[in-house]
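Bear in mind that the values here come from a model prediction, so they are computed numbers and not experimental data. Both ligands and their constituent atoms are indexed starting at 1 by order of listing.
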Amino acid sequence: MSCGFQFVNRTFVSTMSNAFQQLMKSSRKTAEKSPPSKRTKVDVAKEVSSNKSTSRKHFWKSGLTHAMNDSENIVESTDSLVIIKDKYPKANFHYLIMPKAVQLNSPQKLTNLNLHLLKDMQQKAQMLINDLHPKAKFKIGFHAKPSIDHLHLHVISTDFVSTCMKTKKHWNSFNTEHFLNLSDLITELEEKGNLDDYYPNDKDIELYLKKPLRCNQCPFEAKTMPSLKTHLDTHANSSP
Ligand code: AMP
Ligand code: ZN
């Protein structure tokens, strides 16, 4: 009996001990695999920096909405439009015209219902140029993929001489098909009613922004932005 009992007891103890060891092994493995329940200092620092960059992005994106309500920036304001100077001008003269009421961020979804507004913006742009810079040449249009919220029309002199004109992306955003001329856009809306066939897709836009650096005033192709900028200075200095 005792032997039997002892045998049963020893088997029971040994089984229990094996089970306990297995349990400990598997819980150690689980602990190794799963992340610590407490966030480390590095995790917290990463979260803070990611939150900071998200809020910086948000701050940048909403910059124009703030700027158009700040009287210091406003060149002119009508019932429906606000004109401000671009804070980081990419040419000698660079303005932005924004509708007060339209809730669009990009020109992509403009339709013939917006034609009246667009013609109003076009007229304002032309008056601004005639009044303030009658001798300069200008481009008037939208970026196909704007970086900032609130629909804004660029009215920019074609010298493109500015310390803020720094990168290939800056240059190509104004000097390739990424720049949508307002008059072409109005024609498309008058003929088709929307911009579905006309609008470049994201892949095309990426290619436009990577195009070689071609001068907008002669056939010169620059290898770098500094050499393009030196070249643009020669055009600016030789123009009457
Ligand atoms: P994009 O969204 O690429 O069509 O261009 C946005 C334009 O807004 C750029 O030309 C910037 O230099 C300009 N910009 C950015 N922030 C401000 C601001 N706070 N006030 C005025 N212009 C701004
Ligand atoms: Zn040139």
Side-chain angles (χ1 to χ4, degrees), residues 55-77 81-100 102 104-110 118 121 125 128 137-182 185 195 199-200 202 205-206 208-239:
S55 66
R56 260 202 304 271
K57 225 184 203 169
H58 179 75
F59 184 72
W60 169 258
K61 280 229 155 222
S62 58
L64 291 186
T65 315
H66 294 291
M68 70 186 282
N69 290 308
D70 182 347
S71 58
E72 272 190 22
N73 300 316
I74 296 174
V75 175
E76 198 185 329
S77 175
L81 302 174
V82 180
I83 305 176
I84 63 169
K85 279 191 175 176
D86 196 290
K87 194 173 176 183
Y88 311 98
K90 306 299 186 295
N92 258 318
F93 312 115
H94 188 178
Y95 301 90
L96 301 172
I97 302 186
M98 288 172 286
K100 284 182 178 170
V102 169
L104 294 174
N105 289 330
S106 152
Q108 186 162 13
K109 295 283 172 234
L110 287 166
L118 291 172
M121 291 169 95
L128 181 82
K137 282 191 185 148
F138 276 81
K139 287 184 95 161
I140 303 170
F142 295 101
H143 280 166
K145 193 168 184 184
S147 61
I148 296 205
D149 285 349
H150 202 114
L151 190 71
H152 48 280
L153 178 74
H154 290 271
V155 181
I156 185 164
S157 58
T158 57
D159 53 83
F160 292 106
V161 171
S162 165
T163 51
C164 295
M165 173 59 84
K166 288 180 178 160
T167 65
K168 182 181 235 192
K169 197 171 168 184
H170 286 159
W171 176 259
N172 282 338
S173 73
F174 288 99
N175 291 290
T176 64
E177 299 91 322
H178 179 259
F179 192 84
L180 308 173
N181 281 308
L182 178 61
L185 200 139
L195 300 175
Y199 221 83
D202 279 357
I205 288 173
E206 221 173 280
Y208 298 153
L209 295 175
K210 286 182 181 161
K211 274 188 161 185
L213 296 168
R214 304 271 303 268
C215 175
N216 63 329
Q217 293 158 73
C218 79
F220 177 73
E221 195 171 300
K223 288 213 164 61
T224 63
M225 271 309 284
S227 68
L228 178 62
K229 284 167 74 70
T230 307
H231 176 81
L232 292 172
D233 283 340
T234 63
H235 281 299
N237 294 333
S238 66
S239 67

Is there a heavy atom of N73 sitting under 4.0 angstrom from any atom of ligand 1?
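Checking ligand 1 against N73, which is what was asked, there is no heavy-atom contact under 4.0 Å.
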H66 heavy atom under 4.0 Å from ligand 1:
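Outside the 4.0 Å threshold, so no.
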Less than 4.5 Å apart, side chain to side chain, heavy atoms only: is that true for Q217 and D159?
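Q217 vs D159: side chains apart.
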Provide, to 0.1 Å, the distance between [atom] and the closest protein heavy atom, together with that atom's residue and name.
atom                    : result
atom 12 (O) of ligand 1 : D86 OD1, 2.5 Å
atom 2 (O) of ligand 1  : S147 N, 2.7 Å
atom 23 (C) of ligand 1 : L64 CD2, 3.5 Å
atom 15 (C) of ligand 1 : I148 CD1, 3.2 Å

Which segment of A67 sits under 4.0 Å of ligand 1 when only heavy atoms are counted:
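The part of A67 near ligand 1 is the side chain, not the backbone.
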Which atom names give the shortest non-hydrogen contact between [X] and [Y], and what distance separates them?
X    : Y    : value
S106 : A144 : OG-O, 4.2 Å
P200 : L180 : CD-CD2, 4.3 Å
N172 : P212 : OD1-O, 4.0 Å

May I ask you to list the atoms of ligand 1 that are less than 4.0 angstrom from any heavy atom of [X]?
X   : result
K90 : 10 (O), 12 (O)
L96 : 8 (O), 22 (N)
I84 : 21 (C)

With K139, which of L182, N216, I156 fulfils side-chain contact (heavy atoms from CB on, under 4.5 Å)?
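Single side-chain contact (heavy atoms from CB on, under 4.5 Å) partner of K139 among L182, N216, I156: I156.
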Would you sort out whether H170 and Y88 count as a ring-ring contact (aromatic ring centres under 6.0 Å, His included), showing the intermediate values?
CA-CA 11 Å; H170 286 159; Y88 311 98; 9.4 Å; no
If you stand at the Zn ion (ligand 2) and look out to SG of C218 and NE2 of H231, what angle do those two lines make, to 10°?
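Vertex the Zn ion (ligand 2), arms to SG of C218 and NE2 of H231: 100°.
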Would N175 and R214 satisfy side chain to side chain contact (heavy atoms under 4.5 Å, CB included), going step by step from the backbone distance to the final call?
CA-CA 8 Å; N175 291 290; R214 304 271 303 268; over 6 Å; no
Around atom NZ of K145, are there more than 12 heavy atoms from other residues, nucleotides or ligands closer than 6.0 Å?
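Count not over threshold, so no.
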Would you mind finding which of H143, K87, K85 brings a heavy atom closest to atom 22 (N) of ligand 1?
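Closest candidate by heavy-atom distance is K87.
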Among K145, H152, H170, M68, whose heavy atom sits nearest atom 5 (O) of ligand 1?
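Minimum heavy-atom distance to atom 5 (O) of ligand 1 goes to H152.
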